[in-house]
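Comments concern the structure below.
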Amino acid sequence: MDLFFANLVTIVFFITGYKLIEKAIFPMPSTLLKIALYSLLIFCCLGIASILFAIAIGLWLPDTYPVTFSYKALFICPIITIYFLFKMMRNKRLLSART
């Protein structure tokens, strides 16, 4: 049962992070340098937030929670970063095709 709740905590954390990032990067950056810097910023913020969250849940919850969260964060943070990089590049290409 702890593993189920640990996965639930992980899902809620990353869905919340995804929604916050999505609101924060609109309007989309227009140059390739800004897109690269935004992607680096997204990765750093997700990484730092994940580490701090894992430490926080490690203090209050059993060991299953931070271990499961940390293991999944190693895979989910880069995936979210690559997704937003792709989304920004696609949006830039669509905007440049219109003008």
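Atom CD1 of I35 sits about 14.0 Å away from atom CG of L40, to the nearest 0.5 Å. Taking CG from L74 and CZ from F69, the interatomic distance works out to 10.0 Å, rounded to the nearest 0.5 Å. Going from atom CD1 of I21 over to atom NZ of K87 covers 10.5 Å, rounded to the nearest 0.5 Å. To the nearest 0.5 Å, the span separating OH on Y83 from CD1 on I42 amounts to 11.0 Å.
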For residues 8-18, please give each side-chain donor-acceptor pair under 3.5 Å, one per line with the distance, not counting sequence neighbours.
residue	atom	partner	partner atom	Å
T10	OG1	A6	O	2.9
T16	OG1	V12	O	2.8
Y18	OH	E22	OE2	3.3

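N7 contributes a side-chain N or O that, together with a main-chain N or O of L3, makes up a donor-acceptor pair within less than 3.5 Å.
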If you apply the rule side-chain contact (heavy atoms from CB on, under 4.5 Å), what do you find for I55 with I51, and how did you get there?
CA-CA 6 Å; I55 291 170; I51 291 169; 4.0 Å; yes
Apply ring pair (Phe, Tyr, Trp, His ring centres under 6.0 Å) to F5 and Y65, showing your working.
CA-CA 8 Å; F5 287 124; Y65 289 83; 7.4 Å; no
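By the ring pair (Phe, Tyr, Trp, His ring centres under 6.0 Å) test, F75 pairs with Y71, sequence neighbours left out.
Closest non-hydrogen pair, S70 versus A54, comes out as OG-CB, 3.7 Å.
Both Y38 and L32 are assigned to one and the same hydrophobic cluster, defined by single-linkage of ILVMFWY side chains at heavy-atom distances under 4.5 Å. Hydrophobic clustering of Ile, Leu, Val, Met, Phe, Trp and Tyr side chains at less than 4.5 Å, counting indirect connections, unites L46 with F53.
Among residue pairs with one or both ends in residues 42-63, none qualify as side chain to side chain donor-acceptor pair (under 3.5 Å); sequence neighbours excluded.
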